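The block underneath contains the structure these notes are about, expressed in structure tokens.
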Amino acid sequence: GQQVMQIPQYQHVQEGEDFTTYCNSSTTLSNIQWYKQRPGGHPVFLIQLVKSGEVKKQKRLTFQFGEAKKNSSLHITATQTTDVGTYFCAGNNAGGTSYGKLTFGQGTILTVHP
Amino acid sequence: DGGITQSPKYLFRKEGQNVTLSCEQNLNHDAMYWYRQDPGQGLRLIYYSQIVNDFQKGDIAEGYSVSREKKESFPLTVTSAQKNPTAFYLCASSISSGMREQFFGPGTRLTVL
């Protein structure tokens, strides 16, 4: 079945440093979504990427979708303590009987030291 | 105030007992989902429902059952056949299945003693 791998599993940064998490799928994706889960909380939707090579920005966050639609990345510039949490990518399979199912990566746990 | 509610937040059960987790949404969403979250792992899909009175197995459906008799409700039963039921359970909904964002409830942390 479809697998979505996410690295790194953990990332510790000093406040002000940049952070990147990477997501790779074993199959071509229709779209990819990114979620953030604060400690003790539930995942909250950040963004969806649909087009090959798409790049979207939300303030200090930059999201990219690979040309082959099999990988994606989230980059945070100048991290702040409010960025702490687990970042998940979630891929939607391109066609097939699993349409409608999101497959989540394992997540990257970000810790920001003030 | 629209959203997804899950109850209870914490649940303790003895081994061998079935337990039902509640999930209610008033967002008028067609699709609903149940995920399991374990430490160091992502969210794994248990069951999902694209429309009322219909549901499909996810990746780890064994030992679980669901029903979708009403659009706003999607309860999950953890049966005694589930080998390792202690986990954080998250319910989600989306306006429709497919390429749409999912809204998550606050989750239920189930501990089986």
Side-chain angles (χ1 to χ4, degrees), chain A residues 1-10 21 23-26 28-51 54 56 58 63 65 69 85-109, chain B residues 2-7 9-10 21 23 25 27 29-51 54-62 66 68 74 87-109:
Chain A
Q2 179 187 27
Q3 289 187 325
V4 176
M5 305 298 292
Q6 193 173 349
I7 57 170
Q9 187 174 359
Y10 302 94
T21 175
C23 190
N24 289 285
S25 170
S26 58
T28 303
L29 300 170
S30 297
N31 68 319
I32 194 158
Q33 300 177 3
W34 285 91
Y35 292 79
K36 177 183 178 180
Q37 183 176 23
R38 293 183 186 275
H42 58 274
V44 175
F45 175 82
L46 294 176
I47 209 160
Q48 176 171 277
L49 305 171
V50 178
K51 299 177 184 176
E54 189 170 14
K56 286 189 177 181
Q58 288 180 348
F63 304 85
F65 200 11
K69 300 185 74 173
T86 303
Y87 292 85
F88 292 100
C89 61
N92 210 303
N93 203 13
T97 57
S98 60
Y99 185 73
K101 289 172 52 179
L102 280 180
T103 300
F104 281 79
Q106 300 94 320
T108 295
I109 300 172
Chain B
I4 303 176
T5 56
Q6 290 184 246
S7 60
K9 189 171 184 178
Y10 298 96
L21 310 185
C23 178
Q25 55 98 0
L27 300 168
H29 284 175
D30 282 321
M32 297 188 73
Y33 311 83
W34 273 106
Y35 295 92
R36 171 182 171 135
Q37 186 174 27
D38 295 284
Q41 299 195 38
L43 281 65
R44 292 184 291 167
L45 183 65
I46 305 172
Y47 268 97
Y48 66 109
S49 169
Q50 296 176 315
I51 198 166
D54 185 51
F55 51 83
Q56 288 83 39
K57 291 182 179 179
D59 300 317
I60 55 164
E62 185 175 350
V66 294
R68 186 85 187 277
F74 192 39
F88 188 47
Y89 290 88
L90 287 157
C91 178
S93 71
S94 62
I95 192 165
S96 63
S97 63
M99 297 165 54
R100 306 304 296 264
E101 66 183 278
Q102 294 186 11
F103 295 82
F104 285 81
T108 292
R109 192 166 296 279

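In the text below, chain A, chain B and the rest are named by the order of the sequence lines, each starting its count at 1. Since the model is a prediction, treat every value here as computed from it, not as a measurement.
Looking at B:Q56, there are no atoms closer than 4.5 Å to chain A (heavy atoms on both sides), in backbone or side chain. Of the atoms belonging to B:F103, not a single heavy atom falls under 4.5 Å from chain A. In this structure, chain A has heavy atoms under 4.5 Å from both the backbone and the side chain of B:L43. Only the side chain of A:V50 comes within contact range of chain B, judged by heavy atoms closer than 4.5 Å. With a 4.5 angstrom heavy-atom cutoff, A:Q37 touches chain B only via side-chain atoms.
Taking the six-membered ring where tryptophan is involved, the planes of B:Y33 and B:Y48 are essentially parallel, since the angle between them stays under 30° and well short of 60°. Note: A:F104 and A:Y35 have tilted aromatic rings, judged against thresholds of 30 and 60 degrees for the angle between ring planes.
Relative to the six-membered ring of B:F88, B:R109 meets both conditions, a distance below 6.0 Å and an angle of at most 45° to the axis.
Taking A:K56 as the reference, A:E54 meet the salt bridge (charged side-chain N to carboxylate O under 4.0 Å, His left out) condition, with sequence neighbours excluded. Legend: residues meeting salt bridge (charged side-chain N to carboxylate O under 4.0 Å, His left out) with B:R44, ordered by chain and number and at least two apart, are B:D38.
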